[in-house]
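Heads up: the structure comes next, in structure tokens.
These numbers come from the heavy atoms of this one structure, side chains and all, not from hydrogens, waters or symmetry mates. In what follows, chains carry the letters A, B, and so on, assigned in the order in which the sequence lines appear, proteins first and then strands, with residues in each chain numbered from 1.
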2 protein chains.
Amino acid sequence: MDLDAVRTFLLAAEAGQFQEAAAELAVTQQAVSKRIAALERTLGVRLFTRTPRGVELTIDGQAFLPHARELLRAADRAAASVRPGRRPLRVDVINLRGATSGLMRGFHRAHPGIDLDVVKLFDVGTAVAALRSGEIDASFRAVAAPGRPLPDDIASVRVLDEPLHLLTGPAHALAGARSVTLAGLAGHRIWMPGIVPGTEWAAYYDDLVAAFGLTIEATGPNFGSDALLDTVADTPALATFMGDHPRLVRPAGHGLRRIPVTDPTPVYPHALLWHRDNPHPALAALRAHLAATAAGHDAAGTWTPDWVIPR
Amino acid sequence: MDLDAVRTFLLAAEAGQFQEAAAELAVTQQAVSKRIAALERTLGVRLFTRTPRGVELTIDGQAFLPHARELLRAADRAAASVRPGRRPLRVDVINLRGATSGLMRGFHRAHPGIDLDVVKLFDVGTAVAALRSGEIDASFRAVAAPGRPLPDDIASVRVLDEPLHLLTGPAHALAGARSVTLAGLAGHRIWMPGIVPGTEWAAYYDDLVAAFGLTIEATGPNFGSDALLDTVADTPALATFMGDHPRLVRPAGHGLRRIPVTDPTPVYPHALLWHRDNPHPALAALRAHLAATAAGHDAAGTWTPDWVIPR
DNA sequence: GCCCGGACACAACCGGTGGTTGTGTCCGTA
DNA sequence: TACGGACACAACCACCGGTTGTGTCCGGGC
């Protein structure tokens with residue numbers, strides 16, 4: 001299906017004749033006739049009934065009309081998503097299915113009129129470079145890189161502290177526990193195949209391991225969170241960390257157990273990063289929305305590395 | 001923008017390399033390279049970074065990706081809307097902004113998964129022919145044609161009785177009335193430029209005029225309901241009939257007055273028509289929805305022509 | 001009643017887009 | 001260092017999509 005033909009169809013349907021549509025498109029009437037004929041051939045139905053006074057839509061043409069409009073709108077939105085200047089607000093998240101994308105969904109619900117694009121960059125360093133170059137407008141990054149503070153032109157604010165829970169299968173030794181302490185996890189195998197070395201969140205888990213003598217394995221290929229959950233559910237010796245975002249685990253799937261971690265609770269500190277000079281109007285709306293909805297978690301009894309973005 | 005190029009972009013993004021996308025599309029790698037290059041040229045941005053091991057998405061490419069998916073979905077839906085067999089449920093309504101399209105909106109809210117197409121045919125005769133040919137699946141037609149009963153293979157059920165109100169501007173003689181009788185309208189000019197001669201609803205108004213000695217003018221070009229309301233609001237000597245559908249009149253616009261008509265109340269009887277042999281699964285859902293939501297209006301004190309579809 | 005004008009379709013022609021084959025370049029790996 | 005895999009560039013060619021010219025149909029005006 002050719003978008004030019006669809007656009008021609010729309011103009012012809014609105015004008016009621018090919019001649020006028022041809023004039024608007026700056027082509028000849030014959031070209032419009034051929035485009036419509038080609039579209040009708042690919043669709044396999046007649047879209048117009050030809051009359052000596054012009055054309056009018058068939059029933060199929062009437063049914064096709066709103067879909068044609070929507071198709072062209074989609075094409076416009078797609079083109080606008082990469083147009084420099086006045087493109088949709090572009091936000092980097094750490095994970096397409098984690099707590100931060102939940103924040104983005106909430107923002108979208110609150111402001112349905114604001115066009116959003118969500119991307120996933122490699123790490124905070126890439127994100128900061130993209131913020132400074134203007135390729136993205138905001139970034140949900142949990143932490144700054146260890147020992148490397150944010151540059152002065154990048155602003156940041158903590159928006160969400162995400163406590164980590166332990167996730168085990170029903171046959172795991174800790175499956176029946178109401179809660180577990182961080183020290184009590186020493187000796188247990190914790191499997192997190194999604195960790196990418198070199199990222200700031202790998203550094204987070206490195207610090208966590210060093211501080212409490214845990215055993216976190218990041219070996220093996222990452223087949224996605226579904227496969228991870230399946231494996232954890234079926235393997236008694238394996239457990240994994242997972243944020244407390246409610247949508248992440250399918251309801252009652254596979255008999256998975258979610259066990260809070262205490263003394264202290266490891267907390268993943270999400271922050272919003274943006275460039276101070278970024279003039280995108282939707283950025284202000286996003287900051288305002290997050291400031292209004294961010295729940296002030298209590299820092300007592302929690303653990304984060306000491307190099308994260310401060311509250 | 002070329003849909004083939006967008007499809008190629010999607011495959012290449014998912015595969016991570018042009019080679020594999022080319023194999024899936026049964027073209028050469030060079031063709032894929034050229035398609036992507038052309039798409040990047042029309043969009044004005046780079047979508048992929050080329051590496052010796054394949055390609056990976058740029059930030060712009062990541063932002064474009066979901067829009068590309070949506071664009072192709074829209075193209076699929078557009079094509080499906082005219083595919084014979086297993087196309088969306090196609091329903092004819094009498095007016096795109098009247099009570100029946102409100103019923104369709106309610107059905108869509110109740111069954112968001114059912115694809116719908118709404119068309120507007122000339123009159124009940126056209127609708128019956130389209131039902132019998134399978135071009136449409138259901139029709140909201142207020143009434144049968146006078147003196148011409150529905151054929152045996154067309155089923156019908158009354159779903160909504162729409163009382164007509166009088167609509168006047170603030171300077172009209174009846175503007176202050178709490179209600180008005182049908183007989184009391186004799187001598188007043190009632191203007192309904194939308195009436196198309198030869199349709200069954202024109203016959204409805206003909207009967208109404210004959211039964212109560214009204215003066216209904218259908219002269220002048222119909223510039224749409226907005227223009228109609230503007231004229232009625234500004235012209236003291238003009239009034240018009242309008243269904244009581246709440247969305248039809250803009251809230252408090254132009255100081256329009258809506259006056260109930262009584263003794264009797266003229267009622268426009270909407271019915272659903274369908275072909276008895278139509279196997280479309282969504283048709284049963286529509287009938288069930290209408291049966292469940294149709295409010296049983298009281299027939300006492302109302303008027304309809306005697307040739308309408310019976311309750 | 002006839003002719004004219006407006007509108008769409010068909011035919012012939014032609015240029016440019018979009019495919020192929022062939023080749024070059026880059027880079028990771030053996 | 002040589003090889004292999006992957007993408008880009010160049011040359012070539014077919015076909016798609018445009019234009020001009022013409023035919024047909026039908027309604028309205030003289």
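- Annotation: side chain to side chain donor-acceptor pair (under 3.5 Å) contacts involving residues 41-58 of chain A, sequence neighbours excluded, comprise E40(A)-R50(A).
- Note on residues 61-80 of chain A: pairs passing salt bridge (Lys or Arg N to Asp or Glu O under 4.0 Å), not counting sequence neighbours, are E14(A)-R69(A), E70(A)-R73(A), E70(A)-R77(A).
- I36(B) places its CD1 atom 16 Å from the P atom of dA6(D), with the value rounded to the nearest Å.
- Against DNA chain C, the stretch residues 19-29 of chain B makes heavy-atom approaches under 4.0 Å through V27(B), T28(B).
- With hydrogens and angles left out, the side-chain atoms of D137(A) and H275(A) include no donor and acceptor closer than 3.5 Å.
- With sequence neighbours excluded, no residue forms a ring pair (Phe, Tyr, Trp, His ring centres under 6.0 Å) with F241(A).
- One interatomic measurement links the two molecules: CG of L11(B) to P of dC7(D), which rounds to 14 Å at whole-angstrom precision.
- The nucleotide whose nearest atom lies closest to any side-chain atom of S33(A) is, among dG17(D), dA9(C), dC7(D), dA9(C).
- Taking the salt bridge (charged side-chain N to carboxylate O under 4.0 Å, His left out) definition, one finds that D153(A) meets it with R132(A), sequence neighbours left out.
- Regarding Q17(A), its CD atom lies at a distance of 16 Å from the P atom of dG27(D), rounded to whole Å.
- The separation between M1(A) atom CE and dC16(D) atom C1' is 18 Å, rounded to whole Å.
- As a whole-Å value, the separation of D2(A) CG from dG18(C) P is 10 Å.
- Near DNA chain C, meaning a heavy atom under 4.0 Å away, the residues from residues 45-57 of chain B are P52(B), R53(B).
- In this structure, the salt bridge (charged side-chain N to carboxylate O under 4.0 Å, His left out) partners of D60(B), at least two apart in sequence or on a different chain, are R90(A).
- Each end of the helix from dG1(C)-dC30(D) to dA30(C)-dT1(D) gets its own rotation axis from five pairs of C1' atoms, and the angle between them is 10° to the nearest 10 degrees.
- F18(B) places its CZ atom 13 Å from the P atom of dG19(C), with the value rounded to the nearest Å.
- At a cut-off of 3.5 Å, with distance as the only test, no side-chain donor of D123(A) or T199(A) sits close to an acceptor on the other residue.
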Identify the pairs formed between an N or O of the protein and an N or O of nucleotides 10-15 of chain D at a distance under 3.5 Å, and give each distance.
none

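- Y205(B) pairs by the ring pair (Phe, Tyr, Trp, His ring centres under 6.0 Å) definition with nothing, not counting sequence neighbours.
- The backbone N or O of V232(A) sits nowhere less than 3.5 Å from a side-chain atom of T235(A) that would complete a donor-acceptor pair.
- With respect to R35(B) and D4(B), no salt bridge is recorded, no charged nitrogen being found less than 4.0 Å from a carboxylate O.
- Judged as a side chain to side chain contact (heavy atoms under 4.5 Å, CB included), and not counting sequence neighbours, the contacts of R83(A) are A80(A).
- Under the rule for a ring pair (Phe, Tyr, Trp, His ring centres under 6.0 Å), the partners of F64(B) that lie at least two apart in sequence or sit in another chain are F9(B).
- For the pair S139(A) and L131(A), the minimum side-chain heavy-atom distance is below 4.5 Å.
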